[in-house]
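Both counts, for ligands and for their atoms, begin at 1 and track the order of listing. Count residues from 1 along the sequence.
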Amino acid sequence: MKKVDVLLGLQWGDEGKGKIVDVLTPKYEVIARFQGGPNAGHTLEFEGIKHVLHTIPSGIFRKNAINVVGNGVVIDPIIFKKEIDKLDERNVDASSTLKISKKAHLILPTHRLLDAASEASKGKGKIGSTLKGIGPTYMDKTGRNGLRVGDILSDNFKERYGFLKEKHEQMLGHYGADGVTAEMEQEWFASLDTLKRFELIDSEQYLNDHLRSGHSILAEGAQGSLLDIDFGSYPFVTSSNTVCAGACTGLGIAPNRIGNVIGIFKAYCTRVGSGPFPTELFDEVGDKLCEIGHEYGSTTGRRRRCGWLDLPALKYAIMINGVTELNMMKTDVMDTFDTIKICTQYRVNGELTDQMPFELNTEVEPVYVEMKGWKTDLTQLTNGDQLPSALKDYIRFIEEETGVPISVVSVGPDREQTLFQDVTSVESV
Ligand code: GDP
Ligand code: IMO
Ligand code: MG
């Protein structure tokens with residue numbers, strides 16, 4: 001029986017997961033998203049086309065691949081419809097290749113309103129949510145109130161919707177926020193027709209059947225490990241398990257069926273929204289990373305905070321996920337840098353540590369090593385053998401510190417700007 005490879009972000013999201021899923025899809029029969037919802041924005045670039053996906057897995061542009069939205073995902077039918085419309089514009093017919101779990105939960109218009117009301121009530125302590133209704137929808141899921149995709153086929157769906165809406169309206173009243181409008185509801189109900197056009201499946205059964213038939217599956221994560229509900233910088237996190245274990249619960253895959261775990265990280269670090277970020281740069285170097293890296297959110301357009309690579313945080317994410325290979329993204333963004341810093345330890349209350357403290361607060365001071373920049377235009381390279389020696393040193397340093405090989409060095413947003421590394425020489429721990 002085949003195993004499921006898992007691809008996930010090791011930082012605070014936006015590491016470049018969409019690009020790599022698209023690059024790797026030809027190796028797999030099925031691509032399956034396992035958690036999150038339209039808070040995600042996964043960008044793909046090829047043949048001069050740039051496309052951002054929110055709910056739909058990033059294998060959708062490759063012919064023949066089946067794309068599954070798993071039970072762990074939360075779906076806003078309105079956003080889903082917009083995504084399908086965009087694919088239609090590009091003549092991508094997903095009707096037979098996209099399947100949706102009946103157990104995925106639905107984001108209602110009132111979930112979005114509750115997200116906004118909750119954030120507004122937090123004032124300075126706000127999470128910086130994408131306001132897509134993610135938190136309230138997962139709250140209803142764990143609170144056992146939620147509506148699932150499979151429910152839209154039932155006769156009493158409208159009644160159950162009305163019951164949940166009523167509950168939400170009361171909560172909105174408590175916040176002093178406005179309720180849902182008739183237009184919002186109309187648009188939501190109309191967009192359910194788009195969902196119904198696709199095969200709604202028992203995805204856990206479907207995926208395990210594929211494994212038994214010897215088919216290969218790639219599980220696509222959203223967000224990043226440092227936004228995980230359990231292991232992220234709580235409470236400044238998202239509301240799902242973004243780590244590898246989330247692929248088991250979000251797809252119905254047994255832990256012993258997990259194969260390779262591909263951990264995606266940027267050669268530096270970014271974060272969008274509130275919350276601690278030890279290596280954040282507030283100077284012109286941070287501005288340079290932001291401008292060259294076009295660090296503006298794919299979903300919200302917000303400016304991403306930028307900083308140096310944080311190895312204690314990366315090692316922590318590697319540990320929690322059981323990462324077997326690393327992919328280093330956006331390496332080209334630092335092509336012009338004379339020197340590059342990497343945080344190797346934290347100083348907490350005067351003591352040095354390379355472990356994640358309970359709280360990543362202002363007491364956590366990063367300790368850096370400085371390395372020489374490679375000062376080479378990487379974007380034109382076509383082969384991993386062509387890497388400049390200063391970049392090889394940077395790669396080797398990260399591999400030695402983490403004990404995990406870097407199998408891909410990404411040097412631009414396009415599919416083609418992907419350099420594969422021979423990882424057999426690196427000893428994995
Ligand atoms: P995701 O959420 O992890 O899929 O990442 P996003 O799509 O939100 O953000 C990554 C951004 O970086 C996108 O705009 C990509 O097109 C872009 N990108 C991905 N890899 C590279 C790379 O190696 N170099 C550069 N310059 N941009 C990249
Ligand atoms: P992808 O999949 C980056 C952040 C938000 C906020 C926090 C909680 O594209 O990497 P939420 O809307 O989930 O309640 O927001 O998490 N966040 C992301 N940051 N990339 C993402 O997804 C994110 N999804 C959520 O900015 O700080
Ligand atoms: Mg993104």
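Nearest to atom 11 (C) of ligand 1 by heavy atom, out of K330, K19, M328, is K330. Checking I229, T238, L227, I127 against atom 17 (N) of ligand 2, the nearest heavy atom belongs to L227. For atom 24 (N) of ligand 2, the nearest non-hydrogen atom from the set Q11, K126, Q223 comes from Q223. Considering G232, P235, S129 only, the shortest heavy-atom separation from atom 14 (O) of ligand 2 involves S129.
Below 3.5 Å of separation, one finds no N or O of S239 facing any N or O of ligand 2. The shortest N/O to N/O separation between K132 and ligand 2 does not fall below 3.5 Å. Any N or O atom pair closer than 3.5 Å counts here, and H42 shares at least one such pair with ligand 2. Backbone and side-chain nitrogen or oxygen atoms of E15 are examined, and none is located within less than 3.5 angstrom of a nitrogen or oxygen of ligand 2. The shortest N or O to N or O distance between T331 and ligand 1 is not under 3.5 Å. Ligand 2 has no nitrogen or oxygen under 3.5 angstrom from a nitrogen or oxygen of A222.
At least one heavy atom of G412 sits under 4.0 Å from some atom of ligand 1. Within the 4.0 Å heavy-atom shell around ligand 1 one finds G41. Ligand 2 has at least one atom lying under 4.0 Å from a heavy atom of K17. Under the 4.0 angstrom criterion for non-hydrogen atoms, G41 is in contact with ligand 2.
At least one donor-acceptor pair closer than 3.5 Å links the side chain of T402 to the backbone N or O of I398. No side-chain donor-acceptor contact under 3.5 Å links K372 to the backbone of I340.
The angle D14:OD1 - the Mg ion (ligand 3) - G41:O amounts to 160°, with values rounded to 10 degrees.
The protein non-hydrogen atom at the shortest distance from atom 23 (O) of ligand 1 is S410 OG, 2.5 Å. The protein atom (non-hydrogen) at minimum distance from atom 12 (O) of ligand 2 is T130 OG1, 2.5 Å. At the top of the distance list for atom 10 (C) of ligand 1, counting protein heavy atoms only, stands D14 O, 3.7 Å. Ranking protein heavy atoms by distance to atom 4 (O) of ligand 1, first place goes to G18 N, 2.9 Å. Of the protein's heavy atoms, P413 CB, 3.4 Å lies nearest to atom 16 (O) of ligand 1. When hydrogens are left out, the protein atom nearest atom 26 (N) of ligand 1 is D332 OD2, 2.8 Å; that is the closest non-hydrogen contact. Of all protein heavy atoms, the one lying nearest to atom 15 (C) of ligand 1 is T43 CB, 4.0 Å.
Taking the centre of each ring, F277 and F236 stay at or above the 6.0 Å mark. Aromatic rings from F337 and W374 are positioned such that their centres are separated by 6.0 Å or more.
With a heavy-atom cut-off of 4.0 Å, R304 touches ligand 1 through its side chain alone. Of the heavy atoms in R302, only side-chain atoms (C-beta onward) come closer than 4.0 Å to ligand 2. With a heavy-atom cut-off of 4.0 Å, F236 does not touch ligand 2 at all. If you look at T300 next to ligand 2, there are no close heavy atoms at all, none under 4.0 Å. With a 4.0 Å cut-off on non-hydrogen atoms, H294 does not touch ligand 1 at all. Contact annotation for V52 and ligand 1: no heavy atom of the residue comes within less than 4.0 Å of the ligand.
A salt bridge links R62 to D22: at least one charged side-chain nitrogen sits closer than 4.0 Å to a carboxylate oxygen. Salt-bridge annotation for R303 and D287: present, with a side-chain N of the basic residue lying under 4.0 Å from a carboxylate O of the acidic one. The pair E280-R305 counts as a salt bridge, with a side-chain nitrogen and a carboxylate oxygen less than 4.0 angstrom apart.
Residues K141 and R148 fail the side-chain proximity criterion, which asks for heavy atoms closer than 4.5 Å. Here the side chains of I406 and N327 are not in contact, with every heavy-atom distance at 4.5 Å or above.
Atoms CD and CZ, on Q11 and F265 in that order, are 7.5 Å from each other to the nearest 0.5 Å.
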